[in-house]
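Before any comments, here is the structure.
Quick note: residue numbers are just sequence positions, from 1. Just so it is clear, the model here is predicted, and its values are computed rather than measured. In listed order, ligands and their atoms are each counted from 1.
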Amino acid sequence: MAFQAIIVFTLACLCVPCDGNRKFIEIDRSNDVPKGKSEPVFQEQWITQKLDHFNGADSRVWDQKFLVTETHYRAGGPVFLMIGGEGPINAGWMAMNPGSAWLTYAKKLGALCFMVEHRFYGDSHPTVDLSTENLRFLSSQQALADLAHFRTVIAKQRGLTNSKWVAFGGSYPGALAAWSRLKYPHLIHAAVASSAPLHATVNFSEYLEVVWRALAAENPECPLLVKKAFDTLQERIKDPNNYDNITKDFNLCSKLQIQSEKDRAYILDALADNIMNTVQYNNDNREFEHVLDTNCTIKTVCGVMTDASLGDPYYRFAAFVRLRTITHLLKPCFKDLTYNANLQDLRNTSYSGPHGGGGRQWTYQTCTEFGYFQTTDSPNQPFGGFGLQYHVEQCQDNFNISAKTLYAGIDQTNENYGSYNIRATRIVFPNGSIDPWHALGITSSISDDLPAIFIKGTAHCANMYPARAEDLPQLTLAREHVFQLLQKWLKEK
Ligand SMILES: *[C@@H]1O[C@H](CO)[C@@H](O)[C@H](O)[C@H]1NC(C)=O
Ligand SMILES: *[C@@H]1O[C@H](CO)[C@@H](O)[C@H](O)[C@H]1NC(C)=O
Ligand SMILES: *[C@@H]1O[C@H](CO)[C@@H](O)[C@H](O)[C@H]1NC(C)=O
Ligand SMILES: *[C@@H]1O[C@H](CO)[C@@H](O)[C@H](O)[C@H]1NC(C)=O
Ligand SMILES: *[C@@H]1O[C@H](CO)[C@@H](O)[C@H](O)[C@H]1NC(C)=O
Ligand SMILES: CC(=O)N[C@H]1CO[C@H](CO)[C@@H](O)[C@@H]1O
């Protein structure tokens, strides 16, 4: 998910496991179990958790949602724990058809499968609302303690205490999978940490550098044309006389309004996000999550950007945004808010508020633990206008968190988990060469017991999604490699 504050909040895959941290796409969850397919083979259940695992004097509790399927379980088999992230859990990950990668492993290895929703996201509400005061109970450390308690209690209930538990996750939950093994090695036997950003950083300028390289791999001209387009946009947006034309060019839902530098940064970030999001999920097989723009890929971007019949690069970029909005996302127009309108939405403290499913919560985690702000500070990237300062100030505006507090929180995260120097065993780190998040991941094997798997040409969490005929051979091999590691590790004591 990009989280950053984003704006457009795409919660990316909100779906969770691989939420990716980029925005929040609204997903119709009534549809999670595809109609016409067989009845769900999983159950929804709830477990009681402490509000604060690190204060023995605080006895307050709440109920956490999880899904379970016994379909693949064979007595004596392992237990698989899919970790939820910055959005509601999506039942598509439990459905055998088409079957995401972890379920195919479960079938072969006879595993019992759980998927646990992250505290404060989806329906798992530890507090009555999302006030900043209450959000202090939202942290990766509390979430890991939830998982440890889940593992302990459920194992006892179901006679699985001596079973081997394997944690899975993609993106932020990928990091949680690695950290669950790091922090609770007596409970978690191994972990598959896909596209996991293990290094927290405020200035995540590398993200857009990878976007550049990913576009260049398709066509060396492509990122240069995007840069030209964006330079023109930045120039035109300075002059209010151009607002009508910009509104029309990008098919904005309402007339462009810019009253402050932040409004300008906000709309530039939102428009750039069309390309960022497309790169992050390029060719990922996400239709089972009901993602609408799976057919909008880097090829689509570069096809439009090199089409001279559309006019100069600025008009080509505008044409791409219209194409993605209308044809892929099925929206009548591109929703342009002002910075303040978005801020007001983000500051709504209701779980049913505009960003109550995850956007406000994730923004809080970026401001207190991770940063991950996708800034335009590097010269080697195609965009401009939404630099570090803009992102840092959002923490102040949203939560009254100062820059100093923000930086201290990010340092603490790296101190606590070890950043790139994670020291543990039996964790595999798949990474995709065009996934901008790999820049914060483990990019080469630390040891035989901490292997990295490099998948050339794939994007965010690709190895987690259901296999299909057109997958790159190296993606198929990566899934197989993970399976072999699981087989090996499950034989170990
Ligand atoms: C807006 O675009 C039209 C053509 O689409 C052009 O004639 C006009 O000059 C533009 N307005 C400004 C202020 O550039
Ligand atoms: C993507 O394209 C394929 C092939 O044209 C089509 O079958 C599929 O329905 C499309 N998916 C979406 C979400 O539009
Ligand atoms: C927060 O969102 C809820 C649900 O959309 C809405 O009813 C409420 O008026 C909003 N609160 C504020 C302060 O805007
Ligand atoms: C953010 O990082 C980039 C390097 O990737 C650097 O050039 C830039 O100066 C940094 N920004 C700030 C404000 O430190
Ligand atoms: C914001 O934080 C500062 C410093 O911690 C504090 O003094 C101030 O009261 C806070 N303001 C609000 C509105 O909470
Ligand atoms: C893009 C990237 O970071 N790739 C790395 C993934 O991991 C392998 C090790 O298996 C590295 O060699 C790649 O550089």
### Message
For the aromatic rings, using the six-membered ring if either is Trp, is the centroid distance between Phe168 and Trp93 under 6.0 Å?
### Response
no

#### Entry: Protein non-hydrogen atom below 4.0 angstrom of atom 5 (O) of ligand 4 present
yes

## Note on the structure
Residue, atom and distance of the protein heavy atom nearest atom 2 (O) of ligand 1 read Asn245 ND2, 2.3 Å

### Message
Using a 3.5 Å cut-off on N or O atoms only, is Ser205 in polar contact with ligand 4?
### Response
yes

### Task
Note the single closest protein heavy atom to atom 7 (O) of ligand 4, along with its residue, its atom name and the distance in Å.
Asp377 O, 3.9 Å

### Query
With only distance considered, is Glu287 within less than 3.5 Å of ligand 2 through an N or O on each side?
yes

### Task
May I ask you to list the atoms of ligand 4 that are less than 4.0 angstrom from any heavy atom of Leu388?
12 (C), 13 (C)

### Message
How far is atom 14 (O) of ligand 4 from the closest protein heavy atom, and which atom is that?
### Response
Asn203 ND2, 3.8 Å

#### Entry: Audit row: Thr306, Asn219, side-chain hydrogen bond (donor to acceptor under 3.5 Å, both in side chains) steps and yes/no
CA-CA 9 Å; Thr306 52; Asn219 178 341; 4.7 Å; no

### Query
When the aromatic ring centroids of Phe250 and Tyr314 are compared, is their separation below 6.0 Å?
yes

### Message
Does the structure place the NZ or CZ of Lys255 under 6.0 Å from the centre of the six-membered ring of Tyr243, at an angle of no more than 45° from the ring's axis?
### Response
no

#### Entry: Location of contacts on Asp244 toward ligand 1, heavy atoms closer than 4.0 Å
neither

### Query
Around atom CD of Gln344, are there more than 12 heavy atoms of other residues, nucleotides or ligands at under 6.0 Å?
no

### Query
Do Asn245 and Arg236 touch side chain to side chain, with heavy atoms closer than 4.5 Å?
no

## Note on the structure
Per-atom filter on ligand 1: closer than 4.0 angstrom to a heavy atom of Asn241 are 13 (C)

### Query
Does the protein place any heavy atom closer than 4.0 Å to atom 9 (O) of ligand 1?
no

### Query
Is the Trp179 to Tyr172 ring centre distance short of 6.0 Å?
no

### Task
Measure from the ring center of Phe320 to the ring center of Phe317 and say whether it is less than 6.0 Å.
no

### Message
Out of all atoms in ligand 2, which are within 4.0 Å of some heavy atom of Leu292? Include the element for each.
### Response
13 (C)

### Message
Under a 3.5 Å cutoff, is there a donor and acceptor pairing between the side chains of Tyr364 and Asn398?
### Response
no

### Task
May I ask you to list the atoms of ligand 1 that are less than 4.0 angstrom from any heavy atom of Asn242?
12 (C), 13 (C), 14 (O)

### Summary
Under 4.0 Å from one or more heavy atoms of Asn295, ligand 2 contributes atoms 1 (C), 2 (O), 3 (C), 8 (C), 10 (C), 11 (N), 12 (C), 14 (O)

